Amino acid sequence: MRAPSEIHIKSFEARGLVELKRTFEVITPVFGGGSQAGVIDAQNPIRSASIRGQLRFWWRATQAGRFDSIQSMRAEEARLWGAASIPGLIAISVEGQRPAVSSVNAAGFQYGAFPLLQENPPKPLSRLNGEARLKLVGPIEAEKQMDEAMVAWLLFGGLGGRTRRGFGAVSSPDLPRPEVFLHGLHGGGLPGVSVIGPRTRMKMRAPQATADRALTDGLECLKRFRQGPGVGRNPGQHNHPGRSRWPEPDEIRRLTHIHAHQHAPAHPVQKFPRAAFGMPIIFHFVGGGEPFDQSLQPVGKERRASPLILRPYHSQGGYSCLALVLEDSARLKEHIELRGGPQVQYQLTDQEAQQITPIKGQADVLGAFLNFFAG
């Protein structure tokens with residue numbers, strides 16, 4: 001009887017491949033993340049397909065400056081990460097222990113989780129307890145690109161929905177500090193692509209004991225800036241909120257020719273600067289004689305993702321909430337409108353910025369928020 005033939009398997013290096021591994025955990029509650037929108041898969045809470053989509057985004061964000069056109073970037077993206085019915089050269093798998101899933105009350109994260117709370121009954125968030133290991137195998141010449149996409153995801157991204165508001169935030173041991181990582185990137189970008197690099201603007205809050213506390217601290221800071229008493233609006237009386245210090249409500253009153261007797265339009269600026277935070281924005285008026293709800297959105301589109309990322313970062317002092325602004329030069333040329341109504345403006349002049357209290361004279365609204373966020 002002949003002995004079975006030996007099977008020789010070439011190493012990754014011999015096949016022109018490289019293997020990258022990172023152990024990670026999910027440090028904040030997750031919104032959805034399963035194959036069905038808004039629902040987590042308790043048996044398979046961390047799906048390779050979901051991570052692939054996240055890594056593609058962060059690959060574009062870190063690598064766009066290497067290309068001279070979106071077409072050439074898309075071609076390379078398809079080659080590495082795949083396209084419709086065409087597998088890419090990079091294989092993704094999640095190994096090791098599968099985290100246990102438990103429910104979390106979304107009310108504790110109210111400002112960031114409002115889409116869940118609007119459901120009837122309200123949808124829960126999910127907590128993932130335990131570690132998993134992400135493995136990438138791809139062409140050795142793309143090792144640096146793969147590593148930068150993976151580290152960017154671990155520093156700034158997450159699992160599931162609403163990751164730009166800190167839900168499903170992921171973390172891993174031995175990550176570089178965010179500012180060090182950003183400084184080492186190629187930099188540059190393409191119009192229409194959100195990017196990060198050495199010039200990326202980022203600020204951090206003071207450390208908190210837990211990731212959840214860091215997230216709620218950051219979300220409360222955003223809430224105060226946009227509509228908090230004494231910052232985004234005047235102090236109210238009893239159960240009546242004070243008048244907004246932003247110009248959008250009064251400009252809607254002007255455009256619709258509708259307002260309550262005591263709320264005649266008075267703000268001198270006739271623009272919608274909070275569009276910088278992403279759209280749609282639903283403006284809800286309280287009380288009789290006021291306009292119906294209005295939706296601010298990009299012309300010809302339902303939404304525009306927020307360029308602002310808020311999420312906890314694990315440091316030696318605990319967990320600090322960071323705020324980072326994704327850059328895209330095409331955003332400045334975007335047209336916006338009230339749904340079913342006229343086109344409106346949101347870019348401010350320096351003179352207009354002087355008349356909007358929360359931004360303290362800074363025409364760059366996101367830059368003003370970063371200053372407020374840093375305290």
Side-chain angles (χ1 to χ4, degrees), residues 109-112 114 164-166 201-206 214-237 240-255 259 262-287 290-291 293-297 304-311 321-327 331-332 334 336 338 344-375:
F109 304 88
Q110 187 169 6
Y111 192 68
F114 64 88
R164 298 193 187 192
R165 291 297 175 264
R201 296 174 293 168
M202 186 189 71
K203 298 288 185 179
M204 284 197 186
R205 300 279 290 169
L215 177 56
T216 54
D217 176 54
L219 291 173
E220 282 298 313
C221 185
L222 178 61
K223 180 180 179 180
R224 289 197 305 273
F225 185 75
R226 294 186 62 156
Q227 58 190 49
V231 182
R233 66 172 63 250
N234 296 333
Q237 295 183 348
H240 299 284
R243 192 156 183 167
S244 176
R245 294 176 174 177
W246 294 89
E248 295 94 344
D250 275 355
E251 183 60 4
I252 290 174
R253 293 181 177 110
R254 288 190 188 96
L255 293 171
H259 63 83
Q262 70 275 23
H263 283 161
H267 202 291
V269 178
Q270 300 182 21
K271 290 183 178 177
F272 290 74
R274 280 180 287 182
F277 287 101
M279 294 173 278
I281 300 176
I282 308 300
F283 293 96
H284 177 67
F285 293 81
V286 178
E290 291 282 63
D293 289 1
Q294 301 285 326
S295 176
L296 183 70
Q297 59 194 50
R304 187 194 74 198
S306 175
L308 175 68
I309 291 176
L310 294 177
R311 59 99 78 193
C321 190
L322 65 80
L324 175 143
V325 177
L326 298 165
E327 300 296 340
R331 191 180 302 124
L332 300 176
E334 189 172 44
I336 65 174
L338 290 175
V344 295
Q345 302 293 319
Y346 78 99
Q347 297 290 340
L348 298 172
T349 65
D350 290 338
Q351 183 179 5
E352 289 168 336
Q354 294 290 337
Q355 301 177 84
I356 302 176
T357 306
I359 60 178
K360 297 183 177 180
Q362 188 171 346
D364 175 5
V365 173
L366 293 174
F369 171 71
L370 290 180
N371 292 337
F372 179 79
F373 185 82

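Keep in mind the model is a prediction, meaning the values are calculated, not measured. Both backbone and side-chain heavy atoms feed into the values below; hydrogens, waters and symmetry mates do not. Just so you know, residue 1 is the first one in the sequence shown, and it goes up from there.
Shown here for L370 and M202, the closest heavy-atom pair between the two residues is CD1-N, 4.4 Å. Between P280 and S295 the shortest heavy-atom distance is CB-OG, 3.7 Å. Nearest heavy-atom pair across P229 and P235 is CB-CA, 4.3 Å. Listed here is the closest heavy atom pair of K203 and A374: CD-CB, 4.0 Å. Residues V231 and P358 come closest through the heavy atom pair O-CG, 3.3 Å. D250 and A266 make their closest contact through OD2-N, 2.8 Å (heavy atoms, listed as atom of the first residue, atom of the second, distance).
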Audit row: Q110, K223, side chain to side chain contact (heavy atoms under 4.5 Å, CB included) steps and yes/no: CA-CA 10 Å; Q110 187 169 6; K223 180 180 179 180; 5.6 Å; no
Could you walk me through whether L222 and R165 pass side chain to side chain contact (heavy atoms under 4.5 Å, CB included), step by step? CA-CA 10 Å; L222 178 61; R165 291 297 175 264; 3.7 Å; yes
Which is it for R304 and R331 under the side chain to side chain contact (heavy atoms under 4.5 Å, CB included) test, yes or no, and what are the steps along the way? CA-CA 10 Å; R304 187 194 74 198; R331 191 180 302 124; 3.5 Å; yes
Quick one, L326 with L324, criterion side chain to side chain contact (heavy atoms under 4.5 Å, CB included). Give me CA distance, side-chain angles, the key distance, then yes/no. CA-CA 7 Å; L326 298 165; L324 175 143; 4.0 Å; yes
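Here the side chains of R245 and N234 are in contact, with some heavy-atom distance below 4.5 Å. I356 places a side-chain heavy atom less than 4.5 Å from the side chain of P247. R164 places none of its side-chain heavy atoms less than 4.5 Å from the side chain of L310.
Taking the centre and axis of the six-membered ring of Y346, the NZ or CZ atom of R274 falls outside the cone set by 45° and 6.0 Å.
For F372, the ring pair (Phe, Tyr, Trp, His ring centres under 6.0 Å) test picks out F225, with sequence neighbours left out. With sequence neighbours left out, Q362 forms a side chain to side chain contact (heavy atoms under 4.5 Å, CB included) with D364, A368, N371.
Here CG of L338 is found 6.5 Å from CG of L255. Values are rounded to the nearest 0.5 Å. We find the CZ-CG distance between F283 and D293 to be 11.0 Å, quoted to the nearest 0.5 Å. The CG atom of L308 sits 6.5 Å away from the CZ atom of F277 when rounded to the nearest 0.5 Å. Expressed to the nearest 0.5 Å, how far CZ of F285 lies from NE2 of H263 amounts to 10.0 Å. To the nearest 0.5 Å, the span separating CD on Q262 from CZ on R243 amounts to 8.5 Å. Q345 contributes atom CD, which lies 7.5 Å from atom CD1 of I336 (distance to the nearest 0.5 angstrom).
With salt bridges taken as basic N to acidic carboxylate O contacts below 4.0 Å, one links R254 and E251. Under a 4.0 Å N-O distance rule, the pair R253/E290 qualifies as a salt bridge. Ion pairing between a basic and an acidic side chain is recognised when a charged N comes within 4.0 Å of a carboxylate O; E352 and K271 show such pairing.
Put simply, the side chain of Q227 never gets that close to the backbone of S244: no donor and acceptor are under 3.5 Å apart. Distance alone, capped at 3.5 Å, places no donor-acceptor pair between the R311 side chain and the C321 backbone. Counting only distance, with no hydrogens or angles, the side chain of W246 and the backbone of R226 share a donor-acceptor pair below 3.5 Å.
Heavy-atom neighbours of Q347 CD from other residues, nucleotides or ligands within 6.0 Å: above the threshold of 12.
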